[in-house]
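The chains referred to below are lettered A, B, ... by the order of the sequence lines, with proteins before strands, and numbering in each begins at 1. These values consider heavy atoms only, across backbone and side chains, with no hydrogens, waters or symmetry-generated copies.
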Amino acid sequence: MRFFVNARYLIVPVSSLVTITGILLGGIYAWLGVALFGVYTVIDTVTKDIRFRAEKDANGNSYGVKVFQYLVMYIMLPVFILLQLVLAWRLYQYTSGVPIGTANISIFSYQLGISGLHLIGATLSTALWAGLGIIYGHELSHNKKEGFFVSRLIMALSGASHFTYAHVYNHHLDLGHEDDPATAPRGRNVYWHTWLSHVGQSKFSYDLEREKLNNQGKSTLSFKNKWILGYLYSLPSVFLFVWAGGLLGVAALIAVWAISNFLLEALNFMGHYGLIRQEGHPVEHRHSWDNDNVFTSWFFIEIGRQGDHHVRGETYFWELDDVGAPNYGIGYFSLFVLTLVPFLFRKFVKRLLEDWDENHATDEERLVADKFKSIGIES
Amino acid sequence: MFGLFNKTKEHTAYINDESSPVTLKVEKGKTLLNAALSSGLDWPHRCKVGSCGSCKTQLLAGKIKPQIDFSYVLNRNEIADGYVLACQSELCSDVRVKVNLDNIKKRNKL
């Protein structure tokens with residue numbers, strides 16, 4: 001049981017390595033990362049009704065092995081760096097005009113050079129898995145020791161190092177309230193939310209640093225400013241892509257960052273869409289949506305158990321459990337596809353929000369929901 | 001130097017009243033807040049991730065190991081007065097701390 005409980009969270013690490021291998025092999029294999037995303041969407045959809053509770057031994061302890069899980073999360077940093085390096089290598093080949101042919105290393109053969117079409121596949125594959133890898137940046141943001149720094153570096157690979165501070169000091173505190181940019185109010189679509197949440201969290205992180213440095217009598221413009229430092233951590237990626245592909249490299253990096261941040265904000269969007277919390281009142285299970293079918297749970301290292309996570313923020317992901325929070329009833333992959341079509345998503349979420357208003361909300365929270373309804377926003 | 005050989009697995013937190021304080025055993029690697037909650041103390045808290053400041057306590061004696069930079073939540077005066085966040089403090093020695101007496105109720109006998 002212990003082996004199974006720990007090994008099941010390796011879907012993303014293994015898939016990331018498969019994606020890297022695909023880009024290295026070149027040709028049609030550069031699309032492997034995109035193909036995996038599609039396959040996983042199907043698996044997630046057909047397993048939507050299978051759920052597990054967090055398993056415990058006879059003494060009530062989790063089977064999760066902390067050293068192993070942290071080792072995997074730390075190793076994901078060089079894996080994501082490698083992901084960017086292989087894309088940069090392919091960009092370099094494309095912009096240098098390396099002719100397409102077959103090359104061999106020992107008994108292995110790979111395609112030298114890359115076509116424009118397959119370069120798009122490599123870029124999309126990199127972007128999707130860089131975005132999915134953000135789950136490790138999230139988990140490590142709750143570790144207050146070296147893990148916090150690793151989280152900052154993982155997020156910096158997507159140009160979003162500000163997330164680590166904003167998530168802990170803003171999202172976990174102001175969840176479900178208008179002060180939290182990461183909570184999507186009713187009526188907002190995922191595309192608009194991505195901009196508002198990203199910029200809002202970055203601004204929060206900047207303000208947090210400014211206030212802290214002012215309190216310490218130090219200048220905001222200094223290397224003590226973690227907001228500035230966070231963006232500086234992203235510079236190696238910028239240099240790498242400019243060197244590898246010039247303007248095309250910049251375009252590729254923008255695509256990688258845009259897609260990976262879109263996935264990050266889509267997770268925020270799905271996690272709390274339309275839920276309401278009265279300011280100053282404690283965060284409770286009802287202020288988050290759970291997505292905890294088997295594939296989502298294992299793939300996203302239990303990030304879908306949002307209800308438990310937000311009440312016990314210090315708890316390791318493998319210990320999170322079903323706490324009776326509102327539940328979408330489908331996994332993140334399936335729900336993500338729905339969010340891409342705002343009309344369909346709002347139709348899907350309408351009955352869930354009605355149920356939340358009726359059975360979960362307090363009188364004060366219901367009053368806020370009624371205000372949305374009074375201006376025609378029902379979901 | 002001899003601290004290297006100090007294998008103490010737990011420290012004691014003496015809470016509030018100097019003559020008859022509530023005592024709390026805090027295992028190595030555990031935060032002051034988690035130890036308090038595990039022992040049945042109704043220590044004021046809200047987020048447990050170092051964001052809200054509800055669990056702040058004044059460190060009167062002893063040493064703690066902060067897990068985060070407290071200056072994101074506590075102001076300069078509070079830090080100067082020895083305030084720390086219990087949810088982000090591991091103990092490096094026995095400590096004496098003061099918390100809001102109105103909010104602290106002993107639920108179970110320690």
Side-chain angles (χ1 to χ4, degrees), chain A residues 66-67 138-149 151-152 164-177 179-180 182 204-218 224-227 229 277 279-284 287 308-316, chain B residues 9 26-57 59 63-92 100 102-105 107:
Chain A
K66 183 182 170 186
V67 173
H138 166 263
E139 180 66 22
L140 290 171
S141 74
H142 290 289
N143 179 289
K144 300 303 187 294
K145 298 174 184 171
E146 65 284 343
F148 192 82
F149 182 60
S151 164
R152 298 253 294 152
T164 309
Y165 280 95
H167 180 77
V168 174
Y169 293 99
N170 189 187
H171 182 54
H172 268 261
L173 193 61
D174 297 320
L175 165 72
H177 186 261
D179 288 342
D180 175 31
F204 175 89
S205 182
Y206 173 78
D207 290 342
L208 186 73
E209 287 300 318
R210 188 185 55 187
E211 199 173 320
K212 183 196 80 172
L213 292 168
N214 283 347
N215 275 337
Q216 294 174 346
K218 293 173 184 163
K224 299 271 181 198
N225 185 322
K226 302 285 173 59
W227 182 83
L229 271 181
R277 185 176 62 87
E279 189 178 15
H281 286 237
V283 172
E284 296 187 25
H287 297 119
D308 197 10
H309 170 65
H310 274 281
V311 170
R312 299 192 299 150
E314 79 289 3
T315 306
Y316 300 121
Chain B
K9 290 265 177 26
V26 184
E27 289 172 34
K28 191 180 172 189
K30 215 168 183 183
T31 65
L32 184 55
L33 177 67
N34 271 339
L37 296 177
S38 304
S39 302
L41 272 178
D42 197 11
W43 192 292
H45 70 283
R46 210 172 117 205
C47 71
K48 289 163 77 175
V49 292
S51 325
C52 70
S54 307
C55 65
K56 73 179 175 187
T57 178
L59 182 66
K63 279 187 177 174
I64 60 111
K65 181 182 172 189
Q67 293 187 338
I68 58 165
D69 183 351
F70 293 148
S71 56
Y72 284 109
V73 177
L74 304 176
N75 64 39
R76 203 177 350 185
N77 292 337
E78 287 174 322
I79 289 172
D81 288 342
Y83 279 92
V84 299
L85 298 176
C87 74
Q88 302 299 325
S89 297
E90 292 179 22
L91 303 194
C92 299
N100 188 342
D102 295 336
N103 292 329
I104 192 163
K105 295 168 193 162
R107 286 201 294 246

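- With a 4.5 Å cut-off on non-hydrogen atoms, Val283(A) does not touch chain B at all.
- Minimum interatomic distance between His142(A) and Val49(B) (heavy atoms only, all atoms of both residues): ND1-CG1, 4.0 Å.
- The distance from the CD atom of Gln88(B) to the CD atom of Glu314(A) is 9.0 Å, given to the nearest 0.5 Å.
- Distance NE2/His310(A) to NZ/Lys48(B): 14.5 Å, rounded to 0.5 Å.
- Cys52(B) and Leu173(A) get closest at one heavy-atom pair: CB-CD1, 3.1 Å.
- Rounding to the nearest 0.5 Å gives a distance of 12.5 Å between SG of Cys47(B) and NE2 of His171(A).
- The side-chain heavy atoms of Gln216(A) and Ser71(B), taken from C-beta on, include a pair separated by under 4.5 Å.
- Smallest separation of non-hydrogen atoms from Asn75(B) and Asn215(A): CA-ND2, 4.4 Å.
- When side chains are defined from C-beta on, Asp69(B) counts as touching Lys212(A), because their heavy atoms get closer than 4.5 Å.
- Of the atoms belonging to Asn34(B), it is side-chain heavy atoms, and not backbone ones, that fall under 4.5 Å from chain A.
- Within the 4.5 angstrom heavy-atom criterion, no atom of Glu211(A) approaches chain B.
- Residue Phe148(A): no heavy atom, backbone or side chain, is found under 4.5 Å from chain B.
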